[in-house]
Every structure is written in structure tokens, then in C-alpha cells.
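Taking it in order: structure first as C-alpha cells, then the write-up.
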4 protein chains.
Amino acid sequence: MTTAVRRGRPRNAAVDVAVVETVLRLLEEGAGVGELSMERIAREAGVGKATVYRRWPGKEALLLDVLRSLEADLQTPEPVGESVRDDLVLMLEFLRRRGLAKRSSAVLRAVITEIRSHPRLWRAYQDTVVQARREAVYEVLRRGMATGEIRADLDPELLADLFVGPMLARAVLREWQELPGGLAERIVDAVLDGVRPH
Amino acid sequence: MTTAVRRGRPRNAAVDVAVVETVLRLLEEGAGVGELSMERIAREAGVGKATVYRRWPGKEALLLDVLRSLEADLQTPEPVGESVRDDLVLMLEFLRRRGLAKRSSAVLRAVITEIRSHPRLWRAYQDTVVQARREAVYEVLRRGMATGEIRADLDPELLADLFVGPMLARAVLREWQELPGGLAERIVDAVLDGVRPH
Amino acid sequence: MTTAVRRGRPRNAAVDVAVVETVLRLLEEGAGVGELSMERIAREAGVGKATVYRRWPGKEALLLDVLRSLEADLQTPEPVGESVRDDLVLMLEFLRRRGLAKRSSAVLRAVITEIRSHPRLWRAYQDTVVQARREAVYEVLRRGMATGEIRADLDPELLADLFVGPMLARAVLREWQELPGGLAERIVDAVLDGVRPH
Amino acid sequence: MTTAVRRGRPRNAAVDVAVVETVLRLLEEGAGVGELSMERIAREAGVGKATVYRRWPGKEALLLDVLRSLEADLQTPEPVGESVRDDLVLMLEFLRRRGLAKRSSAVLRAVITEIRSHPRLWRAYQDTVVQARREAVYEVLRRGMATGEIRADLDPELLADLFVGPMLARAVLREWQELPGGLAERIVDAVLDGVRPH
DNA sequence: TATTAACCGAGACGGTACGTCTCGTCTTCGA
DNA sequence: TCGAAGACGAGACGTACCGTCTCGGTTAATA
């Protein structure tokens, strides 16, 4: 197999950075996603419109990359392995902190909201970023079933939703408004123990 | 205080219906929210653009009404009162069926996605439609705490999220793709019993 | 026969004028036709781009109208009928003055040059404005043949070119640079008398 | 004076030819001048854009060269010297044939039209190609005055226009549509004899 | 019964953004 | 150093939609 010979002037990597940073800056300055236009992005980034379209087929794809660049800043937590309970707390705590992170807070919700409007991109985001985190949760749950810390008679997918769902319900649906510290522990313990008195 | 005297030709109520129905039709035909324009809505409804703007200040407000008209079709279930467990199943089952309902399936997600982009409308939707359902869940949970069917040491708000969150995670975030029958029972029972072996 | 009912807001006639005047102003300010863009014309006329395109399908059609508006300012001379020789002088003199007219001088040549690049418009211009003047010349020549002032054995079309061609050669091809007074008389008399000594 | 030392890879003369030929081909295929872009010319010639710009400063200069290459194919006729009348016919006949020539017909009008839009180039073209032919006409006319075949009381420049103008009026202004054989003779004889009966 | 004010559809209006194209320049690689 | 390939900033292209406005015409309550 041969690599295709690259010809012509190579793309300027600084442009990619400049564009993404410009989008982040505009969002941080409070611009709604609807107020973002390719026209304006290119203008403020000091870049030709065609140069933007050469890299991204449209606004949505650009925003997907912006979203990915945001996610990249926050590294996914590595399960410690001590106890399944602690690992689950770790993972939910990551979700909570992501929603409160410095840059993210305003930007993340705006970008995600936009991406959601575009099924294809939303799926791409799910399949890459989200699915990876989902797999990590499955892994922890499977370990829990093996060690006996988790009931083995439940569907792993359902199990994952039992832990992650409550946090997401607060974070995504209710706009990250109330994500107090300790929320992760409270969710994990309640789901583990059940809410029926015993 | 006197009511302002309405003079001149009264508004044609059929226009409101025609516009909302047109939006629903277009969404059912698979139009993304981005492809919906006031221009097109008015054209396809056979109505003047100004007539639409006379009734709704913008696309978002119109969509909020469309959303409300959808919700109105599905009446919220009345708690039976036999057992707390059955009432919770009833409520989650309503969420599940709403996501699969004929009209809703395609339309609901599109409209909600759009409304989400407009904080003011999203709050209006939350405060009217969603909060009502939320209160119903709180009521059932409070009853459960009183009868001893539910632990009384947990925050009712957290409790509500424990039950509703997993269903919403599947419904809204994963696009209503997998909402098998019996899902409501499985969630309720798992949360009640806990996922730790005993 | 019924006149079609005019519906909707009627077009603002002032817009047509504003646009044409803007083009003329820009050309007078020395803008080459190549530097004229619909974008700029609309901007400087304080008019929406779509409004321009609603009236003219493109830049060329607009320029054709600009050209016609210029021609309209200079009324075609009416043959006096005294002598064929004087009428021919009158008509050539009109061509000469047109090329030197205040507005025309800079503008006319620019617009004509542009129109020439678009065969369809050039033909439209020829068929309307030019052909009318051509017919007037034929009429005078036919009269001359009838009265015996002009040889009857020559093709009228060729005859017209004999008189008009020399003036046009100077005006159009050599950019109206040398159009001295008395040129019309000199051409007409030379063609009438012939350039062979007798 | 020293000749600058040429270093590096010498220019490939075949490129110049390829580019000019490509322009001719595109024009022959009916492309309007407006549809010609440097981008397209370079692409179709299989040549880099920079290579074109290294040789010509812009589209107009390139077209000027194309025009010159066309003129070079048709050699200017040499006056025979038998009679002034025959030499004038010879020269007008050259103009007529040029307008009907295989390649020229479509191309010449397109290129000339374009060149006309650029005063500097138009002047360059006038000063080189056209002026040469003009001088030849003057020469013949001067000879005619000396031999008494032409009236000596007329401005030579006006005289030249009397002969050349009618042919150009048909050729350039009316798009070479009607240039029948014998037209040169008819023009020359009519101008010589005059159009007044005697 | 006649007036009148708000309604209706249509569509023009000044703007703005879309995604594509061409401009002339710049930057790389391989010959 | 050349030629090709193609990226680059700039900005025009023609279209679509925004929300407002202005027409002629309709419709009901008021006078």
C-alpha cells in the first residue's frame, strides 16, 4: 500500500486552530449559536470563507469539532479498580464537573444544543465521544457482576441508564442548574441500595 | 378596569389551526426544524406571512404552541392509588408511550430540539407542561414515604430523578430508539430494590 | 379582456430610479464596469440585493436599462425635409454630439462596451434603439432617391453604411477622441461628391 | 551593459503555446469572454495558475497576446501599385476576409470585445497592429493624391475613414453577419464616385 | 344601513447569511 | 529555478429567509 503523494501547498494547521478558537471566543462572549454565522466566524478569524468550507462542510460539522475539542480538554477518568461503587462515583462525578467546567459551562450546552438539531452529527458525536464513555461504564458494571457487587440478573444497558440517567436528567435537561457536590455519591448509593426500606 | 373593546373584523380561528397543522404535517414529512421557515409555513398553510406574525412573535413561539398542542392530545395518567409501585410504572409507561405515539415520534423530538435552543421558551415549557407532570411524581413519592413503601431519608427531587432519569436518558438522548414494553416495570423495580445483591 | 388583478404591495418606482442613478453615479466617478458589482450597486443605492434581482435578471440587463435611460435623454433628431444633404448632416451630427454629451462621454462608452460582451443584450439594444435610428436614415435616403438627390442604383443598406460608418469608426472604435465640429458636414459632402476629382 | 545571467531551469516555451491555444480553443467552443477565467484556462491547459501569471500580468494581457497571434496568421496585403482603386479594394477585402476566416470569426470578436474594456491594452493594440494597417492605407491615399486619382483637398485621415469606416461598421458593429463578396469593390467605387447622380 | 377598524392574501422592502466561484498571491514538492 | 498543485484572504455571485410594510379586498360590530 502506498500513501497518496501530497501535492500543492499544504494546509495551514494554524487556520484550524484559529477558527475553532474564534468559535469558542464568540460563544464565551455570549453569542447564541443562532447568532453564529460562517460569515462572521470567517471574518473574525481573519480567514477566507472558502478556507472554512474547505475544512468543514457546514456550520454543524464545525461545531462538532468544537465540541470534540472541548471534550478533549477534560480527560475521561480512569477507573481505579478499588471498588465498583467508587468507580461509578468517579464516572458520574466526571459528568457533573464537565457541566460546571470553566469554559464548558456556557459553551458546552450551546454547542450540544445545536448539534442535537442535526441527527447525523448527533449520531457521530454519540458514536465517538459518548459511546466511549458508555463502554467504560459497562466495563465497570461487568466487573461488579463478576465480583458480586452488582446483581447479575439485570440487563447491563438498563443498569448503565439507572446510574447515568439521573445525572443526565439534571445536567442536560435541566441545564446544569443544580449540580451540587456529593450528587454523584448520592445517586450511586441510592441506586445500589434501592429506595425501598429494608 | 374595562376590557378594551374589540373592533374590526375578528381573527379567523381557522387560521391558527391551519398553521399549526401545517407545521405538524411538514415535520411528519420529515422536514428538519432547520428546514422549517416562516416563509414556507405561511406559503404551505395558504396564509399571509403577516398573519402568522400577528399571532406568534417568531418561529419559536409558534413551535411552543405546536408542542403544547401535541401534549394536549396525550392526557396525563391519573394515579390509581393502589400501590406506589404501580403508580410509578404508570407514569413512566406514559413517557414511554408518548415517545412512540404515532404523531409524536417524529415530531416531538424535532420540536423539543428546537425549543431547547431558546431558553425563554424552554423555561415556559418546563414551567407549564413538565412541572405539572413532575408534581404528579412528587405526589406519588410523598405518598410512598407516608405509607412506608419508600425510604423517607432521601431528597424527593433526587428520588424523582432516579425513576424518571433512566427513561428520559433513553427517550430524549437516544432518540426513542429502544423503548421496549416492560421497560417501565423494569426500571421501577430495579430502583426500588436496588442493584446490589441481598 | 380583463386586466390581471395586481396583488401584494406594489413596487416602489423610486427604487428603479435610485438604482439606475446609482449606476450612473458610480460610472461617472470613474468606476470601470468591471468594478461594478450588484453587491456594491445595491449597497450604495440603499436597496436590498433581492430588490435589484427582482427587477433585472442580472448585471447586464440592468446596464441595458441604464443605457436606454441615457439614450432617452438625447432625443433623436427629426428630419427637417428641406434637403437630403441637410438631414444626413443632422443625423450624423446627432451621433457626434451623443459621443461628447456631458453624462454620456465617460458613461456611454463604458456601458456600451459592457453590453457588447453579451450578445443577447447587444442584439436587444440593436433591435430597439439602434434599428430605430437606422430606419430614420433609410427613410431619408429613400426620399433622396425619389427626388433624384441620391443615386438610385445603390443598395440602401450600403448607402447608410457609407455615411454612418465613417462617423462610427471615429466614435466607437477610436473612443470619441477626435470628433471636431463640422465633421458631419465634411463626411456627408465627401460621400455625396465622391473623392475622385471631376 | 551586461545581459542578466539566466539561472535555473529555463522556461518551457511550449507552455506559452499551450496556454494561447487553449484560450483559442475555448473561444472557438463558444465560451463567452466572461466565462473565461484564469482558473479555467490554466486547468484546461494543464498548467499551474502561477505559471500563467508568471508570463502575463492578467487576463487582459494574455488576451492581447492571443489577439496578436491571430493577427499574425493573416498577413497584411502588399499594395500592388497598379491603381489606387485596386489597392484600396485589396485592403478592404483583407478586412472582410479576416472577419470570415475560420478561426477568427468566432474568436476575434470575443477577444476584441474584451480588449476594448481595458483602455491601456486597447491602445497598445491600436498602436501596434491597427496603426500599421492604417499607415498602409494612408500611403496608398497619398499616392492617389500625387497621381491625381484622389482629390487633394481632403484630410487624409478623413479619407481613410471614408473607405474603412463602412466596412468596419458592418464587421465590428453588426458582428460580421453580412460580408458578401464584392463588398470591398462596391464600397471603394461608391466612395470614389460619390453617391450623387452626375 | 352605512361606517369603520381590524382582519386577510399577496408580495415588495432592506438586510443578512448561505455555499460556490474566481481573483491574484503564496507555499510546498518533485524534476 | 521551474512547473504543478493547491491553499490562502478577499469578495462577488444569485438564492432564501428574516421581520416589516403596504396594497386591495373582506367581514363584523358600532353608530
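What you see is a predicted model; the values in this text were computed from it and never measured. Each chain gets a letter, A, B and so on, in the order its sequence line appears, and its residues count up from 1.
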Want to settle it: does D:Leu36 or B:Ala13 sit nearer the 5' end of DNA chain E, counting the closest nucleotide to each?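 Going by which nucleotide is closer to the 5' end, it is B:Ala13.
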Does a salt bridge link D:Arg25 with D:Glu21, judged by any charged N lying under 4.0 Å from a carboxylate O?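 No.
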Closest non-hydrogen atom pair between [X] and [Y], with its separation:
X: B:Asn12; Y: B:Arg55; result: O-NH2, 3.0 Å
X: A:Lys59; Y: A:Leu36; result: NZ-O, 2.8 Å
X: C:Ala124; Y: C:Arg68; result: O-NH1, 4.4 Å

Which nucleotide sits closest to the side chain of B:Lys59: F:dG3, E:dC7, F:dC18?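 For B:Lys59, the side-chain atoms sit closest to F:dC18.
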Give a yes/no answer on whether the side chain of [X] brings an N or O atom under 4.0 Å of OP1 or OP2 in [N].
X: A:Thr51; N: F:dG9; answer: yes
X: A:Arg55; N: F:dC8; answer: yes
X: B:Ser37; N: F:dA16; answer: no
X: A:Arg7; N: E:dG30; answer: no
X: A:Arg54; N: F:dA7; answer: yes

Rounded to whole angstrom units, what separation is found between the [atom1] atom of [X] and the [atom2] atom of [N]?
X: B:Arg11; N: F:dA29; atom1: CZ; atom2: P; answer: 16 Å
X: D:Asn12; N: E:dG30; atom1: CG; atom2: C1'; answer: 16 Å
X: D:Tyr53; N: E:dT22; atom1: OH; atom2: P; answer: 12 Å
X: B:Leu62; N: F:dC18; atom1: CG; atom2: P; answer: 11 Å
X: A:Trp56; N: E:dT20; atom1: CH2; atom2: P; answer: 15 Å

Taking the nucleotide of DNA chain F with the closest heavy atom to each, which residue, D:Val15 or B:Glu60, is nearer the 5' end?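 Looking at DNA chain F, the more 5' nearest nucleotide goes with D:Val15.
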Indicate, yes or no, whether a donor-acceptor pair under 3.5 Å links the base of F:dC8 to the side chain of A:Arg9.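 Per atom types, no contact qualifies.
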A:Thr51 versus A:Arg11, side-chain donor and acceptor atoms under 3.5 Å: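 No, A:Thr51 and A:Arg11 have no side-chain donor paired with an acceptor closer than 3.5 Å.
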Enumerate the residues from residues 38-50 of chain B whose closest heavy atom to DNA chain F is under 4.0 Å, giving them by residue number; use none for an empty result.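 The answer is B:Met38, B:Glu39, B:Arg43, B:Lys49, B:Ala50.
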From CD (C:Glu44) to CG (C:Leu26), nearest 0.5 Å: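 So the gap between those two atoms works out to 5.0 Å.
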A:Glu60 side chain reached by A:Leu64 side chain, heavy atoms, under 4.5 Å: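 They are not in contact (no side-chain heavy atoms under 4.5 Å apart), so the answer is no.
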